Amino acid sequence: MKLSKAGLGTMRVNKLDEMYPAQDMLLQSGQLVQYGTGIFGYNNITMLVKRNVERIIEECLNEVGCIEIQLPTLQPDTIWKKSGRWDTYVDDGTMLVVKSDRGDLCLAPTAEEACIEFVAEKLKSYKHMPATVYQIGEKYRNEIRTRGYLLRGRSFLMMDAYSFDTDLKGLEKSYENVRNAYIKIGKMLGIELLPVIANNGAMGGKKSEEFMLVSPIGEDTILYDEKRKIALNTEVLEKENYEEYLKEEYGIEDISNLKTTKAIEVGHIFQLGTKYSDSMDIGFIDKDNTKKPYYMGCYGIGVSRLVAAIYENSVIKDERGNVTGVSLPKEVAPYIVQIIPKLDNMEKVKEAEELYNSFEGRAILDDRDNMSMGAKMKDCKILGTPYMVILGDKVEDGKAELENTKTGEKEIIEISKIKERLFK
RNA sequence: CGAGGUGUGGCUCAGUUGGUAGAGCGCGUGGUUUGGGACCAUGAGGUCGCAGGUUCGAUCCCUGUCACCUCGACCA
């Protein structure tokens, strides 16, 4: 991307939101555009970060045998009335209802009903299971209280997966399978996604864990011990018989000496059991030729929330603690390097152009004139590009200064070796 | 839905004890600049959220309304 043609508008930012500096910066620099409470448009870079996150999630789920599908976002009230959740969600205000002359519809807040209808015609026999399907799509919830820009909006991108098994044992296996994929997703994203024991009450069913990113801006409070690999959401303690729940489902007896930490919930996985199969009366034919309910699991990842969390987790500060920008993890950064040539030096401009081309779309060339080098360096950090290459008078031809924007480390390197260095 | 707060140019905000508005940044033009947010000159851009009321006159006072933000119950 050439910045002179990017139409990014102003990048200089004023005083930033103390709680969510990274997202305020995105808004002020035009990388996010707000349309209303909890409703945002994405500019090029934020959109591409989101797409990279999607791609990583897809790869990890595909690897463990999940099948990607696409369910409708606009859904008829009929399937929701079948499960009994229409009235619940309409009454509590989370459901965005669309009235039409052909009946009521909703902008789906989640898709258990749609998914079970989807598989009902396909997973007819025990021979067709286990099966896990997933989709990545926009979800809508008329949140009574939105919060933290993309962290909780009324419209958000969510990956939702649903597993179908013939019995509880199978469900436990499918659950474990997706759980492992989630852990890998965290690794691939370059962040630590921590499995945290959650209250299973909300969706019904047995086991339930949340995947959290430890962060001071998190809404949730967790109890955590890194060595013993125990983490649980404090809301579990509000549960009746929580000791029994922890022991039976997770084999945990001792929860003393856990330290308290704030965390952002980016994923949640549930063993639903037969709840929806029963309420909607949908199932399969088992070996003994009788109809039985599916054992179902459901698994979510808030993709847009994850994007927000990654940004907030990537802020860089100056000595005085002021936020000066972000440095995205290489794993999700759409542009890995930002090239800043001294424009009145034709040799440097030529070198910059060649380097830019060699990155085949993964680099930003700052070719804006009438702007100081220093200003461009600041802008690099506002866009979140992980590396900066400066081609100026201070280095001889054929060499450049390479800076890691996260650590601030700088080195003089031969231009021909930059690409290799960044992709190793 | 309960409690608080804020609406003034693209962004951050001043201001008018009531006489229809300013700054910095950004944007346009000409020129000088070019290594961690340079400068000079010049220009464009606002029915002061919206609707009523009081007043000779309202962006300012009153009432209503809408939008947005923060805190509670809900959630990826």
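Being a predicted model, the structure only gives us computed values, none of them experimental. We name chains A, B, ... by the order of the sequence lines, and we start the count at 1 in each one.
Here B:C75 presents its C1' atom at 18 Å from CZ of A:Phe211, a figure rounded to the nearest Å. Per the geometry, CD belonging to A:Glu143 stands 13 Å off P belonging to B:C69, to the nearest Å. The interatomic distance linking A:Lys139 (NZ) with B:C75 (P) rounds to 17 Å, in whole Å. One interatomic measurement links the two molecules: CZ of A:Arg152 to C1' of B:A76, which rounds to 10 Å at whole-angstrom precision. Separating the CG atom of A:Asp220 from the P atom of B:A76 is a distance of 10 Å, rounded to the nearest angstrom. Atom CE of A:Met25 and atom P of B:U12 are 14 Å apart (whole Å). Following rounding to the nearest Å, A:Asp24 (CG) and B:C13 (P) show an atom-to-atom distance of 9 Å. Atom CE of A:Met212 is separated from atom P of B:C75 by 13 Å (rounded to the nearest Å).
Side chains of A:Tyr42 and A:Arg51: a donor-acceptor N/O pair is absent below 3.5 angstrom, by distance only.
Checking side-chain atoms of A:Gln23 against main-chain N and O of A:Ala308 turns up no donor-acceptor pair under 3.5 Å. With A:Ser83 contributing its side chain and A:Ser279 its backbone, the two residues share no donor-acceptor pair below 3.5 Å. Using modelled atom types, one side-chain atom of A:Asn357 and one backbone atom of A:Glu353 make a donor-acceptor pair closer than 3.5 Å.
Here, B:U59 and B:G46 have their C1' atoms 11 Å apart, quoted to the whole Å. Atom P of B:G22 sits at a distance of 14 Å from the matching atom of B:A44, rounded to the whole Å. Taking atom P on both nucleotides, B:G57 is separated from B:G28 by 43 Å, rounded to a whole Å. Comparing the P positions of B:C50 and B:A67 gives an interatomic distance of 15 Å, to the nearest angstrom.
The CD1 atom of A:Ile336 sits 12.5 Å away from the CD1 atom of A:Ile418 when rounded to the nearest 0.5 Å. Put simply, CG on A:Leu171 and OH on A:Tyr295 are 9.0 Å apart, with the number rounded to the nearest 0.5 Å. Interatomic distance, NZ of A:Lys275 versus CZ of A:Phe270, reported as 9.5 Å (0.5 Å rounding).
Looking at residues 299-307 of chain A, you'll see A:Gly302, A:Arg305 sit with a heavy atom under 4.0 Å from some atom of RNA chain B.
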Polar atom pairs (N or O), protein with nucleotides 66-68 of chain B, under 3.5 Å:
| from | atom 1 | to | atom 2 | distance (Å) |
| --- | --- | --- | --- | --- |
| B:C68 | OP1 | A:Thr37 | N | 2.8 |
| B:C68 | OP1 | A:Thr37 | OG1 | 3.0 |
| B:C68 | OP2 | A:Thr37 | OG1 | 3.2 |
| B:C68 | O5' | A:Thr37 | OG1 | 2.8 |

Using a 4.0 Å heavy-atom cut-off, write out nucleotides 34-42 of chain B from 5' to 3' as B (base contacted by protein), S (sugar-phosphate only) or - (no contact).
BBBBS----

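Here A:Phe40 pairs with nothing under the ring pair (Phe, Tyr, Trp, His ring centres under 6.0 Å) rule; sequence neighbours left out. Considering only residues two or more places apart in sequence or on other chains, A:Tyr387 meets the ring pair (Phe, Tyr, Trp, His ring centres under 6.0 Å) condition with none of them.
Counting atom types as modelled, A:Asn14 pairs a side-chain N or O with a base atom of B:C11 as donor and acceptor under 3.5 Å.
When each of B:A73, B:A76, B:C11 is scored by its nearest atom to the side-chain atoms of A:Ile144, the top-ranked nucleotide is B:A73.
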Starting at the 5' end of RNA chain B, what dot-bracket string do you get if Watson-Crick and G-U pairs under 3.5 Å are bracketed, crossing pairs use [ ], other-strand pairs use | and unpaired bases use dots?
(((((((..((((.....[..)))).((((((.....)))))).....(((((..]....))))))))))))....

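If you check every strand for non-hydrogen atoms under 4.0 Å, A:Gly325 touches nothing.
Of the candidates A:Ile415, A:Ile390, A:Leu391, A:Ile339 forms a side chain to side chain contact (heavy atoms under 4.5 Å, CB included) with just one, namely A:Leu391. Under the salt bridge (charged side-chain N to carboxylate O under 4.0 Å, His left out) rule, A:Lys348 has a single partner from A:Asp393, A:Asp367, A:Asp397, which is A:Asp397.
Here A:Tyr250 and A:Tyr245 bring their ring centres to under 6.0 angstrom of each other.
Inter-residue side-chain proximity for A:Asp160 and A:Gln135 is flagged as met; some heavy-atom pair is nearer than 4.5 Å.
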